[in-house]
J.: 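Provided herewith is a single structure, encoded as structure tokens, for subsequent inquiry.
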Amino acid sequence: MIELKSVSKTFDDKEVLKSISTSFLPGQTNLVIGQSGSGKTVLMKCIIGLMTPEKGEINYDGRNLLNMNRQETKMLRREIGMLFQNSALFDSLTVLENVMFPLNMFSNMRYKERAERALSCLDRVNLHDIGHLSPAEISGGMKKRVAIARAITLKPKYLFCDEPNSGLDPKTSIVIDQLIKEITQEYNITTIINTHDMNSVMENGDNIVFIHEGKLEWNGSKDKIITSSNKKLNDFIFASNLFKKVKNIEIGLMEDEG
Amino acid sequence: MSALNKVGEYTLLMQKVLTRPDRFRETCKQIVREMNNLGVSSIIIVLIISFFIGAVITIQIRLRVDNPMLPKYTTGLVTRDILLLEFSSTIMCLLLAGKVGSNIASEIGTMRITEQIDALDIMGVNSANFLILPKIVGLVLFSPILVIFSMIIGIVGGYMVSIFTDLITTDNYLYGLQTFFVPFYIKYSIIKTLVYSFLIASIAGYYGYYVKGGSLEVGKASTDSVVMSSITILIADLVLTQLLLT
Ligand SMILES: Nc1ncnc2c1ncn2[C@@H]1O[C@H](COP(=O)(O)OP(=O)(O)O)[C@@H](O)[C@H]1O
Ligand SMILES: [Mg+2]
């Protein structure tokens, strides 16, 4: 479980995160949603320690990241996997070498074991026989999957995904969402996903944190989102006509039932 | 950002770079790769330029010192000393600053803007150390080879002039090469080159590592790193010459 207590972050004199408190449980899909520029990436970078908030607490199963010394931070990092917006695969390495990289750096396995583990992670994300290719030679969706494989090689307890769907077609997008969801449940990982993909929100949002201009505006599950009366949330979620229609239909159904 | 700030930032970065690697095995692999990427791939250009400059210096000196009062060995001697003292170290490293420096800055800069450096940091890898140290070590280890090659080929260039033109006889040229030879000059040149290589790789690494923005900024960082390392090399030349030769 990851718990935030009044996390605030300021750049120069611009308050990007305004005292955010919430918690993220393992084994479920935790989504952080909000407009572009609302502070999702900054929040994620604060949680993983790439940025340091001025105030607050970030507790990883009770261990406050902001009180850790360097050695403790280093150990925590081994428990974290991260999926970056544009995959961030290492260009100079092949696909297999990318997935093996965390093992090369942090495990004491022999080469053969490392290669086997990497191949099994690639299998898990349904990629076969592409280990020898370089990242430049595979499609965006495949890159995302390789990045997922790389993120899970060390069996992380925490997984972070920054807009895993950006730049993907709707079908591939669903595949990636599904994969993250399955892996989260399989290994009981605490997963936090930044997204503004409404499809993921409606399909997978077990716990949704809505951020508006750096403030936590709304918190709840996908079922509650339809009936929420929060104006900012409604403006954001139902900005498109399609979702407005979906909402009306769903509410109609509920009224029929009720 | 002020120059002083930059020096401070550079120094802090070097503290992160010049530490024990997380994994020796991986860093060694990287060093070999960098020696190949940065060093071996520069051999050809170093050879070509050194050959022509050696030949041109020989011709120029021969034409400038066309005075019966000057001894016949002058041309060979001056050519040799220019190559040994300045060309094969300083000028060659200015060239490397352009070729290798821009390569390093753009490679690391691209890794920064595509979040590959963040990915390393997240894994708990000391990214500065992992990326920059192998480049510094690789280039520093390989650069003496480049200097020696440059010296030899430069002198061969002059020798070709003595063979293919009647400006100077081969005997005079060879005699000049051996006259008043100071072996320390070779050591001096190599010492300078070691310092320059460190400067080139570390400054380019610094500019790449702190890129913010997109591909435009990567281009700018790469140009800036070439300018800055060239200036630093020239200043270091002045200081080292004072220290080592006077
Ligand atoms: N390193 C930084 N320095 C200054 N401002 C930043 C920095 N990173 C992000 N910001 C600002 O913080 C705000 C939130 O950005 P971000 O978290 O990237 O939004 P998003 O929700 O789209 O991920 C933006 O206004 C952005 O300009
Ligand atoms: Mg973002």
Side-chain angles (χ1 to χ4, degrees), chain A residues 11 41 44-45 47-51 65 68 70-93 97-111 114 135-136 143 146-148 150-154 156 158-163 166, chain B residues 1 5 12 15-16 19-38 41 103-135 138 205 208-215 218:
Chain A
F11 288 113
T41 300
M44 187 168 276
K45 287 192 172 169
I47 298 177
I48 53 188
L50 282 181
M51 289 177 178
L65 172 73
M68 287 183 188
R70 260 169 87 176
Q71 197 53 36
E72 287 168 327
T73 314
K74 221 170 167 172
M75 293 320 288
L76 176 67
R77 291 268 161 88
R78 313 264 154 96
E79 301 174 3
I80 292 179
M82 169 123 191
L83 184 59
F84 285 88
Q85 199 161 343
N86 45 27
S87 301
L89 298 179
F90 303 122
D91 295 322
S92 57
L93 305 178
E97 286 168 340
N98 261 287
V99 181
M100 275 173 74
F101 185 85
L103 298 168
N104 292 346
M105 292 305 284
F106 300 116
S107 80
N108 291 318
M109 297 182 198
R110 293 157 192 246
Y111 180 84
R114 279 180 273 142
K143 276 187 200 161
V146 175
I148 294 175
R150 184 177 68 179
I152 61 170
T153 39
L154 288 176
Y158 312 98
L159 180 65
F160 298 89
C161 311
D162 195 3
E163 310 215 354
S166 72
Chain B
M1 197 163 59
N5 261 333
L12 285 177
Q15 276 176 13
K16 274 175 77 186
T19 52
R20 225 179 73 84
D22 293 313
R23 265 290 153 100
F24 240 83
R25 183 187 62 207
E26 295 304 310
T27 298
C28 288
K29 267 201 270 182
Q30 292 292 101
I31 291 175
V32 173
R33 198 186 131 233
E34 298 302 345
M35 280 171 84
N36 190 40
N37 268 358
L38 306 174
S41 72
N103 173 306
I104 293 176
S106 55
E107 182 182 328
I108 296 184
T110 305
M111 292 189 74
R112 167 62 74 193
I113 64 165
T114 55
E115 297 180 305
Q116 293 175 50
I117 294 185
D118 286 339
L120 286 170
D121 286 335
I122 285 299
M123 290 175 196
V125 177
N126 176 347
S127 58
N129 172 277
F130 183 77
L131 294 175
I132 304 178
L133 187 67
K135 293 190 190 291
Y209 196 79
Y210 286 114
V211 167
K212 281 199 183 75
S215 48
V218 173

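Lettering of chains follows the sequences in order, A, B, ..., and the numbering in each one begins at 1.
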J.: Contact part of A:Leu89 toward chain B, heavy-atom cut-off under 4.5 Å: side chain, backbone, both or neither?
T.: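 For A:Leu89, the contact with chain B is made by the backbone alone.
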
J.: Counting heavy-atom pairs closer than 4.5 Å to chain B, which one of A:Arg78, A:Lys74, A:Glu79, A:Lys45 comes out on top?
T.: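 Most pairs with chain B among the choices: A:Lys74.
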
J.: Is there a side-chain contact between A:Pro135 and A:Val146, using heavy atoms and a 4.5 Å cut-off?
T.: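 A:Pro135 vs A:Val146: side chains apart.
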
J.: May I have all residue pairs that pass salt bridge (charged side-chain N to carboxylate O under 4.0 Å, His left out) and include part of residues 123-134 of chain B, sequence neighbours excluded?
T.: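 Matches after skipping sequence neighbours: none remain.
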
J.: So for B:Asp22, is it side chain, backbone, both, or neither that comes closer than 4.5 Å to the heavy atoms of chain A?
T.: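 It is the side chain, since no backbone atom gets that close.
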
J.: Side chains of A:Asn104 and A:Arg114: donor-acceptor distance under 3.5 Å anywhere?
T.: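 On atom types as modelled, these side chains qualify, holding a pair under 3.5 Å.
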
J.: Quick one: what part of A:Gln85 sits under 4.5 Å from any heavy atom of chain B, side chain, backbone, both or neither?
T.: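 For A:Gln85, heavy atoms of backbone and side chain both lie under 4.5 Å from chain B.
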
J.: Measure B:Met123 against the heavy atoms of chain A and call it side chain, backbone, both or neither at under 4.5 Å.
T.: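 When you check distances to chain A, atoms from both the backbone and side chain of B:Met123 fall under 4.5 Å.
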
J.: Identify, with sequence neighbours excluded, every residue that meets ring-ring contact (aromatic ring centres under 6.0 Å, His included) alongside A:Phe101.
T.: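 Expected list: A:Phe90, B:Phe130.
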
J.: Flag the pair A:Phe84 / B:Thr114 as yes when at least one side-chain heavy-atom distance between them is below 4.5 Å, and no otherwise.
T.: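 A:Phe84 vs B:Thr114: side chains apart.
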
J.: Taking side chain as everything from C-beta outward and backbone as N, CA, C, O, which of these in B:Gln116 sits under 4.5 Å from a heavy atom of chain A? Side chain, backbone, both or neither.
T.: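 Contact with chain A: backbone and side chain both.
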
